[in-house]
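Working notes for the structure below.
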Number of protein chains: 2
Amino acid sequence: MSVEAVTGEAWGDITPDAARRLVIAAVQAFAERGYHATTTRDIAGRAGMSPAALYIHYKTKEELLYQISKVGHLRSLAMLAEARDSEGSAAERLATAVRVFVRWHAEHHTTGRVVQYELGALAEEHHAEIVALRRQSEDAIRSIIKDGVTAGEFDVPEISGTTLAVLSLCIDVARWFNPLGRRTPDEVGALYADLVLRMVRATD
Amino acid sequence: MSVEAVTGEAWGDITPDAARRLVIAAVQAFAERGYHATTTRDIAGRAGMSPAALYIHYKTKEELLYQISKVGHLRSLAMLAEARDSEGSAAERLATAVRVFVRWHAEHHTTGRVVQYELGALAEEHHAEIVALRRQSEDAIRSIIKDGVTAGEFDVPEISGTTLAVLSLCIDVARWFNPLGRRTPDEVGALYADLVLRMVRATD
DNA sequence: CGCGGAGCTGAGCAAGCGCTTAGAGCATCC
DNA sequence: GGATGCTCTAAGCGCTTGCTCAGCTCCGCG
């Protein structure tokens, strides 16, 4: 799976058409108002159907959130794992990971907002599953940083803390990114890759 | 006003006692479940009174959120402004700003969570007021970074983008910080101050 | 002692919520 | 050409929500 395929528009492979329209509507609504402030009537309305039609495709409103959260987290993990497993120095791989991850959070900041900030609304078992995926993402970043330290490429105060900070920095892009602002997703990705390399004092 | 006074426990000066208990209860509930998922019955219950009693002290549930958000933002702004106006090099002032700001978000991560992540639930006029305060906080950080660049102490790719990243990094601490985790607020503050100085390539 | 106001409660209202049900429309199959 | 199954709607059920209100208690004051 290429980075481009991963960063491409999501939801394309959800069928039938009505189910896909519902997910897209739910992402927009959840991102704008938050999960709890969004009504099933609103989601159905945005998707162009009656409230009852939602329940033919999804058992509950929470299942919609779960679907969105799962797809988003799998996508994030795929991006980070691919960067970790790619060729090149630790600095190159870390820069790629941050650039791609940040670009995705900027480009798909509505999806990102739901994925990163609404997971508290998930049912307990779904929440546990998502948390496991998040831990894997964290491990991917930590692994690259550890490689860099081992190879003498990086100099960090603490591997775990630095990992947390890098991840946090990238994730929070979904919160503040504004598509009408000055910066394009590509520019934010490049800027953040630079800043992160500075944080680990990469020797290029 | 000293940094210690600013970082001290909040809500101490709210009277009467019942009103203070309500704010504290609301902070806990909003932080745990989010504003929209919290009921006025829950808040009143945590404060040890009947649902109706809430409305003697606050006109609406939103006013409670506004109170919390306003106090938190004023406190944040006071911390950052004090660091900006303090004596010392730009590096020292930036490190102080980050250390204090991050420590507060870790120590008061429940309040921080509400302050930073629930402002979308504010009424329009309240929201506008809070956004203005946030802009001032951003300006404080930007001002320190600009000073450092002008003095030749810092080397950053872009002042505005770096400001955004530093602020974002600090704010997001409220989301992930766990008081049962390995790191104390002091440690996170010190780590983050270090990482931020690396981001601006401070020459000490 | 009587009074008044502040703080609070129990009961409950109107509105909106997630979700269900009965049945319509419309293809596809025997 | 009738039966079947899928998608969808109109209507609405049962419940919870934010908030209100009449009335209680308590306490300081004259």
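Since the model is a prediction, treat every value here as computed from it, not as a measurement. Reminder, nothing fancy here: chain letters follow the sequence lines and each chain counts from 1.
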Quick check: do [X] and [Y] have side-chain heavy atoms less than 4.5 Å from each other?
X        : Y        : value
A/Pro157 : A/Thr162 : yes
B/Glu138 : B/Arg134 : no
A/Ser160 : A/Arg142 : yes
B/Leu167 : A/Trp176 : no
B/Asp42  : B/Arg33  : yes

Which whole-number value in Å describes the distance from [X] [atom1] to [N] [atom2]?
X       : N      : atom1 : atom2 : answer
A/Arg21 : D/dT7  : CZ    : P     : 12 Å
B/Met49 : C/dA6  : CE    : P     : 17 Å
B/Leu54 : C/dG7  : CG    : C1'   : 13 Å
A/Leu22 : D/dT7  : CG    : C1'   : 12 Å
A/Tyr55 : D/dC13 : OH    : C1'   : 13 Å

Hey, does the side-chain of A/Arg41 have a donor or acceptor N/O within less than 3.5 Å of a partner on the base of C/dG16?
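For A/Arg41, whose side chain was compared with the base of C/dG16, there is no donor-acceptor pair (under 3.5 Å).
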B/Thr110 side chain to B/Ala31 main-chain N or O, any donor-acceptor pair under 3.5 Å?
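Flag not set: sc B/Thr110 to bb B/Ala31 has no pair under 3.5 Å.
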Expected output: side-chain B/Arg201 to main-chain B/Phe154 donor-acceptor under 3.5 Å
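Side chain of B/Arg201 to backbone of B/Phe154, a donor-acceptor pair under 3.5 Å: no, none is there.
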Once you round to the nearest 0.5 Å, how far does [atom1] of [X] lie from [atom2] of [Y]?
X        : Y        : atom1 : atom2 : value
A/Glu153 : A/Ser89  : CD    : OG    : 4.5 Å
A/Trp11  : A/Ile24  : CH2   : CD1   : 8.5 Å
A/Lys70  : A/Arg75  : NZ    : CZ    : 13.5 Å
B/Leu22  : B/Leu64  : CG    : CG    : 6.5 Å
A/Leu119 : A/Glu129 : CG    : CD    : 12.5 Å

Within residues 56-71 of chain A, find the residues that approach DNA chain C with a heavy atom at under 4.0 Å, and present them sorted by residue number.
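Within residues 56-71 of chain A, the residues near DNA chain C are A/Thr60, A/Lys61.
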With ring pair (Phe, Tyr, Trp, His ring centres under 6.0 Å) as the test, pick out the partner of B/Phe177 among B/His108, B/His105, B/His109.
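Only one option passes, and that is B/His109.
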Residue among B/His73, B/His126, B/His127 satisfying ring pair (Phe, Tyr, Trp, His ring centres under 6.0 Å) with B/Tyr66:
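Going through the options one by one, the only one that passes is B/His126.
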Tell me which residues in residues 32-39 of chain B lie within less than 4.0 Å of DNA chain D, going by non-hydrogen atoms.
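B/Thr38, B/Thr39 - these, ordered by number, are the residues of the stretch whose heavy atoms sit under 4.0 Å from the strand.
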Does a side-chain N-to-carboxylate-O contact under 4.0 Å join A/Lys59 and A/Glu63?
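Here A/Lys59 pairs with A/Glu63 in a salt bridge, since their nearest N and O are under 4.0 Å apart.
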Residues forming a salt bridge (charged side-chain N to carboxylate O under 4.0 Å, His left out) with A/Asp85, sequence neighbours excluded:
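Salt bridge (charged side-chain N to carboxylate O under 4.0 Å, His left out) check on A/Asp85 returns nothing, list empty.
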Report yes if at least one side-chain N or O of A/Ser50 is closer than 4.0 Å to OP1 or OP2 of D/dA10; otherwise report no.
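A/Ser50 to D/dA10 OP1/OP2: no side-chain N or O under 4.0 Å.
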Report each atom pair, protein N/O against N/O of nucleotides 22-28 of chain D, whose distance is under 3.5 angstrom.
none

How would you summarise protein contacts on nucleotides 21-26 of chain C per nucleotide, using B for base, S for sugar-phosphate only and - for none, with heavy-atom distances below 4.0 Å?
B-----
Rounded (10°) bend between the five-pair end axes of the helix from C/dC1-D/dG30 to C/dC30-D/dG1
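One end axis against the other gives 10°.
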Shortest side-chain distance from B/Ala18, nucleotide among C/dC19, C/dC8, D/dC8
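Of C/dC19, C/dC8, D/dC8, C/dC8 is nearest to the side chain of B/Ala18.
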